[in-house]
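So the structure is just underneath, and the comments pick up after that.
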Amino acid sequence: PVIHPTHRLRICSVLAAVTTVETAVLKEELDLTPSALSKQITALVDAGYVNQDRSAADSRRVWLSLTKQGQKAYRAHVHALKEIVADPGD
């Protein structure tokens, strides 16, 4: 799955908690290099899970948000992870 790699899962986790977030904030929050963050965001955008919107005033500022497809994929992935770690006696 596209979301499975740790950095992508963390990106989706942050995006699921907010409406939009600027890439600079995400970079600081996740402690990723610009190139590592860019690579992960590109994979999520290419999969249709994340939208990128550049600031009209400053094209270096990029805002990210989960698409509806991304929200659904993230929720499904989290659900699958919970099933994996669930106590079989529950």
Side-chain angles (χ1 to χ4, degrees):
V2 174
I3 294 176
H4 186 69
T6 304
H7 291 315
R8 292 183 206 159
L9 182 59
R10 292 176 65 210
I11 291 167
C12 289
S13 175
V14 171
L15 293 176
V18 297
T19 304
T20 61
V21 68
E22 189 176 2
T23 53
V25 173
L26 194 58
K27 181 180 94 48
E28 293 299 318
E29 178 72 25
L30 302 178
D31 194 30
L32 293 172
T33 64
S35 62
L37 181 61
S38 177
K39 179 180 177 181
Q40 302 308 322
I41 290 170
T42 297
L44 292 166
V45 169
D46 289 349
Y49 293 171
V50 170
N51 281 326
Q52 286 187 84
D53 295 308
R54 292 202 178 274
S55 168
D58 183 352
S59 65
R60 294 172 297 177
R61 297 183 74 187
V62 179
W63 294 86
L64 304 172
S65 60
L66 279 179
T67 63
K68 291 203 182 293
Q69 180 183 358
Q71 292 169 2
K72 183 178 176 182
Y74 173 71
R75 284 193 305 267
H77 192 74
V78 169
H79 178 75
L81 291 174
K82 286 179 180 179
E83 295 239 336
I84 290 169
V85 298
D87 183 349
D90 285 348

ask   = More than 12 non-hydrogen atoms from neighbouring residues, nucleotides or ligands closer than 6.0 Å to NE2 on H7, yes or no?
value = no
ask   = If you look only at pairs with a residue in residues 41-57, which of them pass as a salt bridge (charged side-chain N to carboxylate O under 4.0 Å, His left out), with sequence neighbours excluded?
value = none
All N/O donor-acceptor pairs, side-chain side in residues 59-70, below 3.5 Å, sequence neighbours left out:
| from | atom 1 | to | atom 2 | distance (Å) |
| --- | --- | --- | --- | --- |
| R60 | NE | D58 | OD1 | 3.0 |
| R60 | NH2 | D58 | OD2 | 3.1 |
| R61 | NE | E22 | OE2 | 2.8 |
| R61 | NH2 | E22 | OE1 | 3.0 |
| T67 | OG1 | G48 | O | 2.6 |
| T67 | OG1 | Y49 | O | 3.3 |
| T67 | OG1 | Q69 | N | 3.4 |
| T67 | OG1 | G70 | N | 2.9 |

key: Step-by-step side-chain contact (heavy atoms from CB on, under 4.5 Å) determination, K82 to H79   = CA-CA 5 Å; K82 286 179 180 179; H79 178 75; 5.6 Å; no
ask   = So how far is it from L15 CG to I41 CD1, rounded to the nearest 0.5 Å?
value = 8.0 Å
Pairs of donor and acceptor atoms involving the side chains of residues 28-40, under 3.5 Å and at least two apart or interchain, shall be tabulated with distances.
| from | atom 1 | to | atom 2 | distance (Å) |
| --- | --- | --- | --- | --- |
| T33 | OG1 | S35 | OG | 3.4 |
| T33 | OG1 | A36 | N | 3.1 |
| Q40 | OE1 | R8 | NE | 2.7 |

Gap between atom CG of L26 and atom OG1 of T20 - 0.5 Å precision = 11.5 Å
key: Side chain proximity check, K27 to T23, heavy atoms < 4.5 angstrom   = no
query = Just how far is it from atom CD1 of I11 to atom CD1 of I3, taken to the nearest 0.5 Å?
reply = 10.5 Å
task = Could you tell me which non-hydrogen atom of Y74 sits nearest to which non-hydrogen atom of A16, and how far apart they are?
result = CE2-CB, 3.6 Å
